[in-house]
Amino acid sequence: MANKTKSTVPGNLSMETELVLAGRDPFRHDGFVNTPIVRGSTVLSPTVADLEGHTGRYTYGRRGNPTVESLEAALTRIEGGAGVVLTPSGLSAVSIALLATLKAGEHLLMVDSAYQPTRRICDEVLPRYGIETTYYDPLVGGEIAGLIRPDTRAIFMESPGSQSFEIQDVPAIVAAAAAAAAHDITTLMDNTWATPLFFRPHDFGVDVSIQAGTKYLGGHSDLNIGTISANERTFRRVHLTHGDLGITVAPEDAFLAARGLRTMAVRLQHHQQSALAVARWLSGRPEVLRVLHPALPEHPGHALWKRDFKGASGLFSIILQPAPKPAVDAFLDALALFGLGYSWGGFESLAIPFDCGSYRTATRWNPGGPAIRLQIGLEDPADLIADLDSGFAALAASR
Ligand SMILES: *Cc1c(COP(=O)(O)O)cnc(C)c1O
């Protein structure tokens with residue numbers, strides 16, 4: 001009889017199968033399927049020789065924990081890099097990745113459509129450590145070469161753009177960074193929207209892949225967590241900085257994220273199909289000026305999305321025909337199934353009004369009407385469409 005405690009898992013598995021298996025080692029835990037939640041700071045050694053020789057698998061809670069390590073191992077397989085570290089939020093994953101890759105006197109190229117709090121790291125934190133940021137147009141493509149200065153050491157991407165959904169030409173940007181070989185530029189990407197299931201940054205030569213695991217990895221709106229995956233070239237720096245700064249993640253949060261990971265493929269398929277159905281319906285509505293969803297053929301980034309991505313997740317935006325704020329508010333207030341709240345990636349649908357115009361600096365945001373971001377959850381899309389329909393009735397009634 002085969003001994004299931006041995007590592008009999010074959011190579012070359014599909015992503016769906018990896019999601020089920022990765023990071024689990026049941027017979028280390030008496031056969032229980034999931035890695036248990038292990039709480040603890042102190043780890044005891046049986047003898048002084050063991051203590052001083054670090055012979056144990058773990059030395060101290062902050063430096064390694066079975067629950068945390070299991071999720072890191074799983075994500076390393078999913079991302080396809082050299083290693084993963086976990087952080088207490090998506091935003092801290094961004095800040096730690098930047099602190100790990102840049103030092104005083106160096107220059108960062110940051111995409112203008114980045115998640116807004118990422119800009120605050122660049123505008124408020126990095127300057128105190130002598131690091132300067134230039135924002136660039138998300139549509140710059142290979143012309144980013146012209147923005148690389150003698151002191152440029154990092155290029156940060158986020159695709160699609162936060163809220164506005166511009167698709168970046170990641171291969172062209174990575175190629176431009178590689179062509180400036182003397183600069184030794186690190187490329188980083190916030191890949192929260194696609195997740196490694198729909199876009200694997202390392203496969204495109206991106207050095208550092210970041211996820212707000214708060215979103216699709218967790219998937220249930222019940223935790224904040226961040227993940228940084230780094231390739232051979234960058235993992236040592238990321239791992240050291242993460243350890244030196246004393247970053248830890250609670251084992252309960254690592255457990256919840258690992259639990260989310262197991263069902264991520266089926267959830268994302270449902271998010272994808274429902275979001276497309278809702279987006280198509282919205283694009284036929286007279287109240288809607290434009291739908292910003294990269295999987296729709298009319299989206300300006302559609303060709304790049306189709307070339308590089310394996311799918312689209314459940315988040316997109318719409319631009320309404322010009323309407324006064326009270327009418328837009330009436331639309332949002334009338335929605336019964338779409339909650340009004342930040343974040344996304346959970347099982348429930350959400351809507352927020354937004355305006356990128358107040359903070360972008362390298363590009364102009366002139367959408368032509370009020371902008372609303374929608375997260376399509378796991379509800380039946382027919383119910384969501386009916387809900388949006390009643391929202392439009394409220395919009396019409398308030399004018
Ligand atoms: C939400 C989000 C983050 C931050 O994640 P938190 O866990 O809320 O800190 C970072 N990047 C993107 C693209 C996000 O959507």
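Every number for a ligand or one of its atoms is a count from 1 in the order of the listing. We use all heavy atoms of the structure for the numbers below, so side chains are in, but hydrogens, waters and symmetry mates are not.
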Close-range residues for ligand 1, whose non-hydrogen atoms fall below the 4.0 Å threshold: Ser89, Gly90, Leu91, Tyr115, Glu158, Asp190, Thr192, Ala212, Thr214, Lys215, Asn224, Trp344
Residue pair Leu350 / Leu340, side-chain heavy-atom distance below 4.5 Å: no
Distance-only side-chain donor-acceptor flag, Asn191 / Ser209, under 3.5 Å: no
Cation-pi geometry met for Lys306 and Phe198 (6.0 Å, 45°): no
Set of salt bridge (Lys or Arg N to Asp or Glu O under 4.0 Å) partners for Asp184, sequence neighbours left out: Arg233
cation_pi(Arg119, Tyr359) dist<6.0 Å, angle<=45: no
Pairwise side-chain contact, Ile167 with Phe309, heavy-atom cut-off 4.5 Å (strictly under): yes
